[in-house]
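Treat the numbers as computed from the prediction; the structure is a model and nothing was measured. Just so you know, these numbers use all the heavy atoms, side chains as well, and skip hydrogens, waters and symmetry mates. Within every chain, numbering begins at 1; the chains are lettered A, B, ... in the order of the sequence lines, protein sequences first and strands thereafter.
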Amino acid sequence: MKRTEIKEALRSINYGSEINVKGWVRSRRGNKNVSFIALNDGSTIKNIQIVVDLEKITEEQLKLVTTGACISATGILVESMGKGQAVEIQATDIEVYGTADPLTYPLQKKGHTMEYLREVAHLRPRTNTFGAILRIRHNMAIAIHTYFHEHGYFYFHTPLITASDCEGAGQMFQVTTKNLYNLKKDENGQIDYSDDFFGKMAALTVSGQLEGELGAMALGKIYTFGPTFRAENSNTPRHLAEFWMIEPEVAFIQKEELMDLEEDFLKYCVRWALEKCADDLQFLNDMFDKTLIARLQSVIDTEFVRLPYTEGINILQEAIKNGRKFEFPCNWGDDLASEHERYLVEEHFDKPVIMTDYPKEIKAFYMKLNEDNKTVQGTDVLFPAIGEIIGGSVREEDYDKLMAEIERRQIPMKDMWWYLDTRRYGSAPHAGFGLGFERLMLFVTGMQNIRDVIPFPRTPKSAEF
RNA sequence: GCUUCCUUAGCUCAGUCGGUUAGAGCAUCUGACUGUUAAUCAGGGGGUCCUAGGUUCAAGUCCUAGAGGGAGCGCCA
């Protein structure tokens, strides 16, 4: 008999018809006469109730139907006699596909901490919480592709292995086929990469931006969406060693249009979640964060603040003058600490902030220099609770200015001739941003730790599963 | 990487001033109950108190080192 997904079965009104569902048992309860199985197949956060008459199905058979077991249940779809669900299935046959020994199965019906579930990450997708998170994660990926596709962007695949060492976004994981027990070194004691797989030092990418710019200089509007790797020893609830990043790059736009894009894009994703993940968001709202849905709604209803760095510093210094205490100083030229960002976003404005025009010393070499010669056209989006969710900028398209900055910073560009060629041949004004996918997930799900919004998190000292 | 906290039953956690046989809730098992909603009720089993040293008549408890985990900070997305 053809299997019906539980999501569909719960919507059906074909009372009296025979139906088959397959899934994993969440719980079973009952008495000598009747037993109730809560069954979930991942198609929805909701379970379907299988009612088992013990005169029809033996206790011997039912013994194997424990929390975590996988079963196929056939029966008659009926209006529920009990409260709590509209429909249920009066079972006529139950086949056990796979048992789950209650003595060793790590998931129980009740109370697990997020920390514990990380230790059983291979099974945690079977929990309500992770089912919800993973369905939302899928939806956010589809929302992102849909947004860019509908706006005329092309999905551009940038390499995961790179030989350019100057992306400046942090420590890289090296990629080599060399025998690490017997490294060939030259007369200066340097490792000789000439016989390595790529003939030079290679690493996993920390950003697809530089290659993305090449795409934008031909296709006009592109975006990347792929895994990104940082070997930084970051131990926080907001960092992963392997994460997914979205990086649109757009020719012929300026700062205002870049900010419009950042804001419109984020609102589109949040709106998508509210519209397409209502059940899952409601669960997360009920179980973890009673203000989640209201917070998501407020983001799409509100206009983001657009705040030049210099004005931000003025606001912070005014606050300090009025007695607000911060751990770190914030004078013009300093990078803002988390506490400063949070003050602006959560206390002063109480809404998302796009901060612009940062001192050039605290930003990357490729950002477009303003006429004041002191600030660059960065456009970072700061969100409540998350902090920086987007890092964006207008790019410096002038070859001489870009080279001057590269030389001033002594960035090794000998392997980067191809990037500089974008400014030598048909250079164009352009801009783009990077969005950490899991940071978006943190915001949309209300989860507190980034390790809980990706199926198998990689962090320092942790690469199980 | 820095700071700080935590580690006791399958899970979540109590455990007083260092003192007899280490407890609870949930889970699990057994039994009861004619429709339950994380069912309820009764009973049973279940412990390398993270590891290694040390102090002490006596250590889950105090000290030292280590391991694992969380949080804050830094770096960043």
How about A/Lys46: does its NZ atom have over 12 heavy atoms from other parts shown lying under 6.0 Å from it?
no

Look at the side chain of [X] and the base of [N], then say whether one donor and one acceptor between them are separated by less than 3.5 Å.
| X | N | answer |
| --- | --- | --- |
| A/Ser338 | B/C73 | no |
| A/Gln90 | B/G35 | yes |
| A/Gln85 | B/U36 | yes |
| A/His239 | B/C76 | yes |
| A/Glu88 | B/G35 | yes |
| A/Gln108 | B/G10 | yes |

Check: A/Phe148 ring centre within less than 6.0 Å of A/Phe225 ring centre
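Centroid distance A/Phe148-A/Phe225: not below 6.0 Å, so no.
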
Aromatic contact between A/Tyr223 and A/His145, with the criterion being ring centroids under 6.0 Å apart: yes or no?
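Centroid distance A/Tyr223-A/His145: below 6.0 Å, so yes.
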
Are OP1 or OP2 of [N] and a side-chain N or O of [X] less than 4.0 angstrom apart?
| X | N | value |
| --- | --- | --- |
| A/Asn233 | B/G1 | yes |
| A/Lys32 | B/C33 | yes |
| A/Asn235 | B/G70 | no |

Starting from [atom2] on [N], measure out to [atom1] on [X] and report it in whole angstrom.
| X | N | atom1 | atom2 | answer |
| --- | --- | --- | --- | --- |
| A/Arg238 | B/G74 | CZ | P | 8 Å |
| A/Arg28 | B/C29 | CZ | P | 9 Å |
| A/Leu107 | B/U28 | CG | P | 12 Å |
| A/Lys46 | B/A38 | NZ | P | 15 Å |
| A/Arg26 | B/U36 | CZ | C1' | 18 Å |
| A/Leu435 | B/C76 | CG | P | 18 Å |
| A/Lys63 | B/G31 | NZ | C1' | 12 Å |
| A/Asp101 | B/A27 | CG | P | 17 Å |

[M] and [N], which share atom name [atom1], separated by this distance in whole Å:
| N | M | atom1 | result |
| --- | --- | --- | --- |
| B/G15 | B/C49 | C1' | 11 Å |
| B/U20 | B/A59 | C1' | 15 Å |
| B/C26 | B/A38 | P | 15 Å |
| B/U28 | B/G10 | C1' | 8 Å |
| B/U56 | B/U12 | C1' | 33 Å |
| B/G72 | B/C29 | C1' | 44 Å |

What nucleic acid atoms does [X] come within less than 4.0 Å of, heavy atoms only: base, sugar-phosphate, or nothing?
| X | answer |
| --- | --- |
| A/Ser27 | sugar-phosphate |
| A/Arg451 | sugar-phosphate |
| A/Pro106 | nothing |
| A/Glu119 | nothing |
| A/Met245 | sugar-phosphate |
| A/Tyr105 | nothing |

Among the candidates [options], find the nucleotide nearest to the side-chain atoms of [X].
| X | options | value |
| --- | --- | --- |
| A/Gln49 | B/C76, B/U28, B/U36 | B/U36 |
| A/Val51 | B/G35, B/C11, B/U36 | B/G35 |
| A/Lys461 | B/U12, B/G68, B/C73 | B/G68 |
| A/Arg118 | B/G70, B/C75, B/G10 | B/G70 |
| A/Glu232 | B/G70, B/U36, B/C75 | B/C75 |
| A/Asn449 | B/G35, B/G70, B/C75 | B/G70 |
| A/Thr113 | B/U36, B/U12, B/C75 | B/U12 |

Rounding to 0.5 Å, atoms CG (A/Asn40) and CZ (A/Arg126) come to a distance of 11.0 Å

When rounded to the nearest 0.5 angstrom, what distance separates CZ in A/Arg124 from CZ in A/Phe456?
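Output value for this atom pair is 8.0 Å.
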
Produce the list of close N/O pairs, under 3.5 Å, pairing protein atoms with atoms of nucleotides 47-51 of chain B; give distances to one decimal.
none

Show your working on side chain to side chain donor-acceptor pair (under 3.5 Å) between A/Tyr147 and A/Asp264 and close with a plain yes or no.
CA-CA 10 Å; A/Tyr147 178 89; A/Asp264 190 50; 2.8 Å; yes

Let me spell it out: for each of A/Pro102 and A/His112, pick the nucleotide of RNA chain B with the closest heavy atom. Which residue's pick is nearer the 5' end?
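Checking each residue's closest nucleotide, the 5'-ward one belongs to A/His112.
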
Which residue pairs pass the side-chain hydrogen bond (donor to acceptor under 3.5 Å, both in side chains) test with at least one member in residues 7-19 of chain A, sequence neighbours excluded?
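Every pair satisfying side-chain hydrogen bond (donor to acceptor under 3.5 Å, both in side chains) with a residue in residues 7-19 of chain A: there are none.
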
Is it true that the NZ or CZ of A/Lys374 lies under 6.0 Å from the centre of A/Trp332's six-membered ring and within 45 degrees of the ring axis?
yes

Is the charged tip of A/Lys351 near the ring of A/Phe383: under 6.0 Å from the six-membered ring centre and within 45° of its axis?
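Because its charged atom misses either the 6.0 Å distance or the 45° angle limit, A/Lys351 does not stack over A/Phe383.
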
